[in-house]
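Notes to accompany the following structure.
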Amino acid sequence: MTRRGSPRIEGYAALAAVGLVAALALRRPELAILAAPFALVLAVGTRVARDPDVSVELAVEEERTVEGLDVPAVATVRAAGAVDRLEVALVLPSGVDAVDEDGGVRALGLPAGGEREISFTLRCSRWGVFELAEIEVRARDPFRLVVWSSRVPARQQLRAYPTQLSLLRIVPPVETQVYTGSEVARAKGEGIEYADLRAFVPGDRVRSINWRASARRQRLVVNERHPERNTDVVLFVDSFLDVRGAGRSLLEEAIRAAAALATRYLERRDRVGLVSLGGVLRWLRPGMGVAQRYRLVETMLETGVEPTYTWVDVNLIPARILPPNALVLSLTPLLDPRFVAALADLRARRFDVAVVEVDPVPLIEPGTSGVEPLAFRLWILEREVLRVRLERLGIGVARWSGGELERAVEEVRAFRRYARTARA
Amino acid sequence: MGALAAVPVARGDGAVEAASVRLAAVALVVLVAGLVLGWARLVPVSIALAAGSYAAELVLDGAPLDPAAPLLAVAALLAAELGYWSLEERESARGEPAEELRHAVFAAGLGVAALVVGVALLVLADLVRTEGLALDVAGASAAAAVLAAIVLASRERGRSRH
């Protein structure tokens with residue numbers, strides 16, 4: 001621990017010195033009497049002050065949490081020597097706050113060889129992986145003349161998962177896969193949803209015969225049905241850049257939306273994969289089940305902006321990550337041309353692509369001087385052009401400004417319901 | 001600190017009283033400024049100002065030996081102690097009630113110890129008040145104490161750099 005004198009030492013030394021010198025100069029013993037207590041406190045206090053040898057450990061009750069939820073943490077403090085006043089302060093990274101009344105700083109006294117547990121409540125204001133950096137400890141002797149301080153590494157990690165956005169409907173993929181799921185396939189087969197009638201052929205099951213239609217037509221006809229199949233969905237996240245402002249981060253919102261979409265698709269027994277295209281290319285093979293959900297969230301937590309000027313395109317993505325007939329659902333602010341090119345490239349490869357545009361416009365200040373407002377309007381127009389260009393390629397684009405994701409999803413659904421699937 | 005400032009005001013006459021009042025007011029303003037702005041260095045300055053008015057009153061009145069000196073010493077020490085405590089509470093977390101009570105008791109103990117030491121010194125000063133060599137001995141002791149305090153303080157500062 002680092003030892004340093006408190007402001008008392010300086011002040012008391014000055015008062016004692018001035019008092020005693022004045023007593024000598026003015027030949028008044030009263031001034032020496034006035035100064036004596038200060039000199040006495042200094043002499044005794046500095047003699048009895050001993051390094052208390054404080055050690056502290058932090059234990060977070062849950063290493064995984066959801067943003068906005070409280071996480072209890074306990075700091076265990078031990079002192080070899082007596083401490084009159086021990087201050088324990090958590091040095092927290094940005095995004096983690098101590099929500100206790102005292103803001104993560106506590107003061108207490110400890111006897112020699114004593115141990116105390118101090119409870120803190122932490123809360124992650126956003127999702128991510130946080131290293132709880134350090135605990136600052138300051139100990140004072142009974143005379144409060146000397147302060148020992150040290151910073152102890154916390155060695156604790158806190159992973160905050162994004163909160164779930166409410167989402168009732170999803171963007172249905174055009175093509176289905178072979179496994180049983182919740183999506184009604186276009187193909188005919190064994191299922192629940194009625195598709196058509198056809199003439200009975202040997203081998204058809206008797207229960208498939210539509211007796212009413214057969215009676216009308218005077219020959220046996222059977223019902224045809226659409227089977228329920230699962231789909232492959234690849235969440236395609238733009239991590240080339242992030243726009244922050246007004247307490248919002250577009251990348252964080254995109255990840256939050258991706259987590260909600262992944263959860264919803266996985267509930268339907270769909271296979272969900274993830275590609276985070278940016279400075280660092282991250283991917284996760286499509287899979288299903290609860291384990292896949294956790295894998296997806298863990299991969300999302302590691303997503304961050306790594307600035308790069310190199311050209312990154314879809315050729316870098318392994319083929320198995322983008323299965324044929326998969327729906328590529330993209331979450332992007334449509335700001336980086338490399339990501340826009342990747343979307344067009346995927347569409348050209350006949351992937352079913354849809355875009356949820358995490359709208360950056362509300363976070364951009366238009367400017368007031370000179371040509372700034374004009375430049376802003378031109379930029380807005382360029383974005384409109386880009387949107388139209390993507391829609392002409394058959395890519396449904398829905399704007400999402402961080403509110404209800406449901407509305408954006410519905411916008412994409414509407415586009416896909418009425419738009420012809422264009423060829424790139 | 002009020003006691004330290006009040007004594008010269010009460011005892012002084014005419015010009016001394018007016019000067020003491022002004023000095024006490026300045027000392028009070030300095031103390032309040034130190035506490036409000038969080039400048040710890042203003043605490044000893046305000047005590048020194050109040051003590052200065054007391055010293056001026058002693059010198060100008062030329063009274064033999066003031067029996068109230070130990071009490072004023074206690075007042076000065078407690079004023080400084082409470083001032084620093086207040087600043088500590090501002091810059092860090094609020095302590096537990098038991099811890100605050102413990103330190104209040106400790107400060108009171110310091111006051112009692114200061115009173116005992118002050119009375120002892122007063123008695124000693126009274127005994128040796130026969131002028132001449134005795135006063136010189138007292139002065140030399142005071143000088144030695146000054147040196148000891150400064151050496152101790154400088155050693156503390158030296159350690160803090162490591």
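Numbers restart at 1 for each chain; the letters A, B, ... are given by sequence-line order, proteins then strands.
The line from CD of A/Glu30 to CD of B/Glu57 is 9.5 Å long, rounded to the nearest 0.5 Å. One distance of note links CZ of A/Arg85 with CH2 of B/Trp85; it measures 9.0 Å at 0.5 Å rounding.
The residue among B/Gly83, B/Ala80, B/Gly111, B/Ala113 with the most heavy atom pairs within less than 4.5 Å of chain A is B/Ala80. Contact tally against chain B (heavy-atom pairs below 4.5 Å) for A/Leu15, A/Ile33, A/Leu86, A/Leu40: the top residue is A/Ile33. In terms of heavy-atom pairs under 4.5 Å with chain A, the best-connected choice from B/Leu77, B/Asp66, B/Leu122 is B/Leu77. When each of B/Ala120, B/Pro44, B/Ala55 is scored by its heavy-atom pairs under 4.5 Å with chain A, the top score falls to B/Pro44. Put simply, of B/Ala107, B/Ala40, B/Ala73, the one with the most heavy-atom pairs under 4.5 Å next to chain A is B/Ala73. Ranked by non-hydrogen atom pairs under 4.5 Å with chain A, the options B/Val119, B/Leu121, B/Leu72 are led by B/Leu121.
Both the backbone and the side chain of B/Tyr84 come within less than 4.5 Å of a heavy atom in chain A. Heavy-atom distances place both the backbone and the side chain of B/Leu58 under 4.5 Å from chain A. Interface residue A/Val41: only side-chain heavy atoms are found under 4.5 Å from chain B.
Judged by distance alone, with hydrogens and angles left aside, the side-chain atoms of B/Arg102 form a donor-acceptor pair with the main-chain N or O of A/Asp84 at under 3.5 Å.
Residue-level contacts of residues 108-120 of chain A with chain B, in order of numbering, are A/Leu108, A/Gly109, A/Arg116; threshold 4.5 Å between heavy atoms.
For A/Arg244, the CZ atom is densely surrounded, since the number of other residues' heavy atoms within 6.0 Å is greater than 12.
Salt bridge A/Arg8/B/Glu88: present, at least one basic N to carboxylate O contact under 4.0 Å.
B/Leu65 places a side-chain heavy atom less than 4.5 Å from the side chain of A/Pro29.
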